[in-house]
Amino acid sequence: MWKEPSAGIAVAAQEQAAQGQGAAPRLPLPAVVATVEPDSIGDELGFQPGDRLLSINGKRPRDLIDLQFLVGEEELVLEVEDPDGTLHTVELEKDCDEGLGLGFTEALFDGLRQCNNACPFCFIDQQPPGKRRSLYLKDDDYRLSFLYGSYLTLTNLTDADWRRIEEQRLSPLYVSVHATEPELRSRLLVNPRAALLMNQLRWFAERDLQIHAQVVVCPGLNDGPALERTLTDLAGFAGGDWPAVLSAAVVPVGLTRFRPADDRLVPVDRDCARRVIAQVEPLQQRFRQQLGSRFAWLSDEWYLLAGLPLPPRDRYEDLPQQENGVGSIRAFLEALDQATTDLPARLEQPRRLSWVVGSLVAEALQPVVDRLNAVEGLELLIHGLPSPYWGQPQVVTGLLTGSDLLEGLRDRDLGERLLLPSVMLRQGEPVFLDDTPLPALEAALPVPVQLLQGAADLVAVCIGTLAHDP
Ligand code: SF4
């Protein structure tokens, strides 16, 4: 699935990266301090937000990974530039496991590696033009994969990158596989370098490095026998004490109304979802016997699209692909169980609240609503909305946009307040995927909006125990 790159990737650095693999690497930009932890070494040294860390022991970090390695020394010489341009050299001694307590505005100081593929199902290409620039960045950067779990294809790595992965033990990485058959993977990614995947998996295995895999299923392209081969090939690297492939998520392709009319892609419908479930569940059983783990994980969307019950929580083992939508609803329900062990019988102050979610998940979340509504004096209304913006009647919560909310909530009963899952917003920024700012939604709605971070938040808002309850 697609994830927008972090807010902290400098535009100048992107342009540098866009020069391509042949371009001579430029000197990394300085690491700009964003936060200073109170009482940390950085605080004692007088670091301030806006300070620019130029080098550590004479070396310029390329990214947060380098920075972490360099800071691991006991004796450090830091070259720092104030916001007014004054240069300082700071020498210090510390324990090797002590950090500086500094946060930085960016993760990458030498630019984002963008992808060199042209997948017809690419979500980034299925967006309307004219939106914020970061929405069009095709992140395929192994550093972000290691740091944040974003998926990469391994098609744009140089020899130096492979050496660095080995030397710095950048593991696990998260790899978009889609197919293991070389010719098919090349066709799916529209890149001959994609054919090298099986060799690359052997490379990881030989060095005791690990990956998590994902397969985006496009009906008619990589489902059926191709999917069976892909999962079986991946499972071939999943045995032993130190498996090279830790898990494989199987997710349905997401198609929007902005895609080209002649792309020949077919959306996943109920029959297709049922076929894929019927194919993968027996494979899970086989892998469980062979490997001790179900290994191949179907995202929640398959069951919702198929109209079938989600597997019970214990089938997801330790939720290795939760971030990819595998078992996330079950994990939410489990967190809710914990948060509702001590619900009051009644509320002192009656409350009527509304909760907006994607149409695809509303039914699965109805038991949550029923349980909360058993508290006397509490009425929680759930609104499961489609996405006219993407042209998807069935949509997960994280893809709902500001315009979907404005259209879908018009004339609905919103109670006293609207509870809005923060997953709809760009991380750390009050803006939706279609560029609608959160304040614009707030101004248009007749009730205040409250952001929800998770199950505990939902329960706390409903029973009025949230610390920052307005
Ligand atoms: S690898 Fe394919 S799906 Fe991912 S960003 Fe590149 S073109 Fe898009």
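Worth saying up front: this structure is predicted, and the values here are computed from it rather than measured. All ligand and atom numbering here is 1-based and tracks the order in the structure.
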Note the single closest protein heavy atom to [atom], along with its residue, its atom name and the distance in Å.
{"atom": "atom 1 (S) of ligand 1", "value": "N117 ND2, 3.4 Å"}
{"atom": "atom 2 (Fe) of ligand 1", "value": "C119 SG, 2.3 Å"}
{"atom": "atom 8 (Fe) of ligand 1", "value": "C122 SG, 2.3 Å"}

Does this structure show an ion pair linking D110 with R143, if we count only N-O contacts that are shorter than 4.0 Å? yes
Ionic contact status for E183 with R187, cut-off 4.0 Å: yes
Test of understanding: given a 4.0 Å heavy-atom threshold, classify the contact between C115 and ligand 1 as side chain, backbone, both, or neither. side chain
Say whether E73 and N57, considering side chains only, have a donor N or O and an acceptor N or O under 3.5 Å apart. no
Any heavy atom of L189 sitting closer than 4.0 Å to ligand 1? no
Please check: side-chain N/O of S354 versus main-chain N/O of L381, any donor-acceptor pairing under 3.5 Å? no
Closer than 4.0 Å and a protein heavy atom, does any atom meet both conditions relative to atom 4 (Fe) of ligand 1? no
How far does CD of E181 sit from OG1 of T230, to the nearest 0.5 angstrom? 8.5 Å
Are there more than 12 heavy atoms of other residues, nucleotides or ligands under 6.0 Å from atom CG of D159? no
Which of the atoms of ligand 1 are close to T153, meaning less than 4.0 Å from one of its heavy atoms? 1 (S)
